[in-house]
**Student:** 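Take a look at this one; I'll ask things after.
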Amino acid sequence: MAKIVALAAYFYQAAVAFGLLIAVAHLLTPADYAAYSLFISISQFAAIFCFEWVRFACSRFYPGQGAGSEALERRALSVEFAVCSAVCLIAAFASIVFSVPAEIAVLGGLVAIFQGGSDLHLTMLRFRQEFRVFSRLQGSRATILAAGTLAGAAVAPNFTCTVIGLMAGYLVYGLLAMFLTRNTLSEAARFETPLVRKHFVYGSVAASASVIGILTPLGLKAILTAMLGAGAAAGALLALDLLQRPFVLIVSALQAIQYPDVVATYDREGATPIFRRQLGEYYSLLTGLTLMTAAGIFALLQPVGQFVISAGLRSGFLAAAPFVIGLAACRALTFNMLPTPAHLQHRLLAIFVLAALDCLLLNAGVLAGGYLGSFSDAALMAGGMIGALCALAIGVRIMTSLSFDFVWPPVILSAMGLAMPVLATAGFGYSLWTSVSVGVVGGAFFCLLGLYSYFVKMIRPQARP
């Protein structure tokens with residue numbers, strides 16, 4: 001039950017993020033929204049660059065296996081986070097030399113620190129199996145940050161006040177997290193340098209893939225802004241911000257719940273038949289629910305675009321959105337599922353190479369779409385989707401390096417659920433609501449069959465004594 005609640009917290013966070021982006025896009029002008037979008041991407045990149053290696057080390061080594069190891073691991077992780085926070089602030093102040101406004105530089109550094117710290121704290125709670133506290137804090141963070149951001153935008157609908165509201169939200173969340181976990185994560189221990197060395201060797205290489213991963217949308221946004229202009233690119237930027245998040249959060253949620261068990265089984269037993277079945281079920285869940293997510297977004301894309309997205313952004317949003325959905329689905333699997341064997345076997349070069357190829361192929365595809373097709377939202381994003389598909393095909397080779405027993409029926413039904421709303425888009429020009437109804441009903445029918453298949457093939461057998 002606690003894992004189900006934790007999974008629900010991720011879905012709630014996705015819903016809040018979806019609503020927040022729509023609201024902010026309505027409150028800000030296209031130019032201010034473009035600046036806000038770039039600020040969020042840059043602060044996320046800074047958080048990943050400075051702190052992601054610590055979080056990766058936490059997810060692989062915390063809480064440890066021996067007696068007293070948890071306190072030692074936590075002490076090392078805390079020192080690592082403090083040092084990285086200092087580095088992040090120094091980098092923020094150094095950016096002022098390169099003509100970055102002082103208030104934006106400081107706010108960017110602080111947002112990156114609070115994001116990295118809250119992610120690390122939640123990861124520690126999750127790997128301690130404290131799913132109830134984790135769920136409460138995960139949902140609270142989404143709510144508080146959304147409220148702070150909207151409050152800042154409502155006070156003065158410009159970029160600076162919106163970011164100040166976001167920072168205020170992080171401060172409130174930090175106080176809440178300290179209060180709710182005041183009696184946990186408090187055991188004292190000495191600092192051991194060998195633990196830092198172990199964390200850094202694994203975490204830095206694994207995190208480099210995440211750094212490259214966040215560079216990919218940054219490069220994509222930079223290309224869109226340079227080729228189309230900030231105002232004209234705002235619709236496509238909104239599509240990127242809005243439609244990638246559900247994939248990232250849903251896949252991250254499944255990974256958060258299932259991946260620790262996969263790691264534990266592999267470390268304990270190796271590549272046994274039980275592990276192959278468990279790994280195949282993990283892959284099947286990630287693939288099927290990614291396809292279901294794409295089906296749900298695609299089914300509601302046109303009504304959301306027509307009645308929710310502001311008029312100034314609607315045209316660019318609707319032109320880019322179908323290709324952003326495909327791009328986001330591919331990248332969710334490329335970064336979370338395909339390198340799993342490399343993580344389990346500590347094949348760090350494979351993790352790095354796959355991330356680098358994804359970045360290069362996607363951005364090369366965007367440039368090719370512009371030069372070979374036309375410099376429009378649709379052509380640029382279509383090229384990016386083709387690049388993401390090429391990276392996905394390469395990543396499959398890494399995934400198959402470790403044997404697994406894939407569960408096919410739910411994935412096939414999920415793919416049929418995606419095909420229904422995609423095919424129904426052919427009728428949008430004739431009857432919007434008829435085609436939307438066909439896509440929603442047909443997609444929901446096959447996706448529900450897919451969920452039932454998961455229950456029959458995977459969940460019910462585990463519930464039997």
Side-chain angles (χ1 to χ4, degrees), residues 3 6-7 10 48 52-53 55-62 123 126-127 201-214 216 247-293 328-359 388-408 410-411 414 454 457-458 462:
K3 287 187 176 183
L7 189 62
Y10 275 99
I48 289 175
E52 191 75 351
W53 72 272
R55 193 184 68 80
F56 266 107
C58 176
S59 66
R60 192 64 181 89
F61 301 113
Y62 186 82
T123 301
R126 178 161 53 85
F127 277 83
V201 169
Y202 173 80
S204 60
V205 178
S208 65
S210 292
V211 172
I212 296 173
I214 201 68
T216 303
F247 291 98
V248 173
L249 290 172
I250 288 172
V251 171
S252 298
L254 290 172
Q255 190 179 45
I257 302 303
Q258 297 294 328
Y259 185 64
D261 293 335
V262 172
V263 172
T265 302
Y266 183 77
D267 288 345
R268 184 176 62 251
E269 302 176 8
T272 62
I274 293 176
F275 169 76
R276 289 198 298 270
R277 184 177 68 252
Q278 187 177 23
L279 184 62
E281 292 176 350
Y282 172 64
Y283 287 162
S284 178
L285 272 173
L286 286 177
T287 305
L289 289 186
T290 297
L291 293 174
M292 290 182 192
T293 302
C330 290
R331 297 197 73 237
L333 296 177
T334 298
F335 271 87
N336 293 281
M337 184 180 78
L338 302 186
T340 299
H343 281 287
L344 293 172
Q345 298 171 333
H346 294 183
R347 293 163 49 205
L348 302 179
L349 180 61
I351 299 170
F352 180 85
V353 169
L354 179 60
L357 285 174
D358 174 76
C359 181
L389 280 169
C390 293
L392 179 73
I394 294 171
V396 169
R397 295 291 301 273
I398 298 176
M399 186 183 77
T400 56
S401 65
L402 197 59
S403 298
F404 56 90
D405 300 327
F406 199 77
V407 184
W408 281 105
V411 176
S414 302
Y454 278 125
K457 299 285 186 181
M458 296 169 51
Q462 293 178 5

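Start at 1 with the first residue, then count along the sequence.
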**Student:** Ser208: what forms a side-chain hydrogen bond (donor to acceptor under 3.5 Å, both in side chains) with it, not counting sequence neighbours?
**Tutor:** none

**Student:** Would you mind reporting whether Tyr259 and Leu344 have side-chain heavy atoms less than 4.5 Å apart?
**Tutor:** yes

**Student:** Can you list the residues that meet the ring-ring contact (aromatic ring centres under 6.0 Å, His included) rule with Tyr202, with sequence neighbours excluded?
**Tutor:** Phe61, His346

**Student:** I'd like to check the side chain to side chain contact (heavy atoms under 4.5 Å, CB included) partners of Ser414; sequence neighbours left out, ordered by chain and number.
**Tutor:** Leu291, Met292

**Student:** Show me the side-chain donor-acceptor pairs of residues 393-407 shorter than 3.5 Å, one per line, residues at least two apart or across chains.
**Tutor:**
residue : atom : partner : partner atom : Å
Thr400  : OG1  : Val396  : O            : 3.1
Thr400  : OG1  : Arg397  : O            : 3.1
Ser401  : OG   : Arg347  : NH1          : 2.9
Ser401  : OG   : Ile398  : O            : 2.6

**Student:** Which atom names give the shortest non-hydrogen contact between Val411 and Gly288, and what distance separates them?
**Tutor:** CG2-N, 4.1 Å

**Student:** Mind checking ring-ring contact (aromatic ring centres under 6.0 Å, His included) for Phe352 and listing every partner two or more places apart, or none if nothing turns up?
**Tutor:** none

**Student:** Check side-chain hydrogen bond (donor to acceptor under 3.5 Å, both in side chains) between Gln278 and all other residues, then give those that pass, not counting sequence neighbours.
**Tutor:** Thr265

**Student:** Residues in side chain to side chain contact (heavy atoms under 4.5 Å, CB included) with Ala388, at least two apart?
**Tutor:** Leu327, Cys330, Arg331, Leu362

**Student:** Determine whether a donor-acceptor pair (N or O, by modelled atom type, separation under 3.5 Å) exists between the side chain of Tyr454 and the backbone of Ser284.
**Tutor:** yes

**Student:** When you compare the side chain of Ile250 with that of Thr290, does any pair of heavy atoms fall below 4.5 Å?
**Tutor:** no

**Student:** Locate the shortest heavy-atom distance separating Leu348 from Val201; write the atom from each residue and the value.
**Tutor:** CD1-O, 3.8 Å

**Student:** Return the set of residues passing side chain to side chain contact (heavy atoms under 4.5 Å, CB included) with Cys58 (not counting sequence neighbours), or none when no residue passes.
**Tutor:** Tyr62, Leu77, Leu120, Thr123, Met124

**Student:** Taking only residues two or more places apart in sequence or in another chain, which ones pass side chain to side chain contact (heavy atoms under 4.5 Å, CB included) with Ile274?
**Tutor:** Glu269, Thr272, Arg277

**Student:** Run Phe335 and Leu354 through side chain to side chain contact (heavy atoms under 4.5 Å, CB included) and show every step you take.
**Tutor:** CA-CA 8 Å; Phe335 271 87; Leu354 179 60; over 6 Å; no

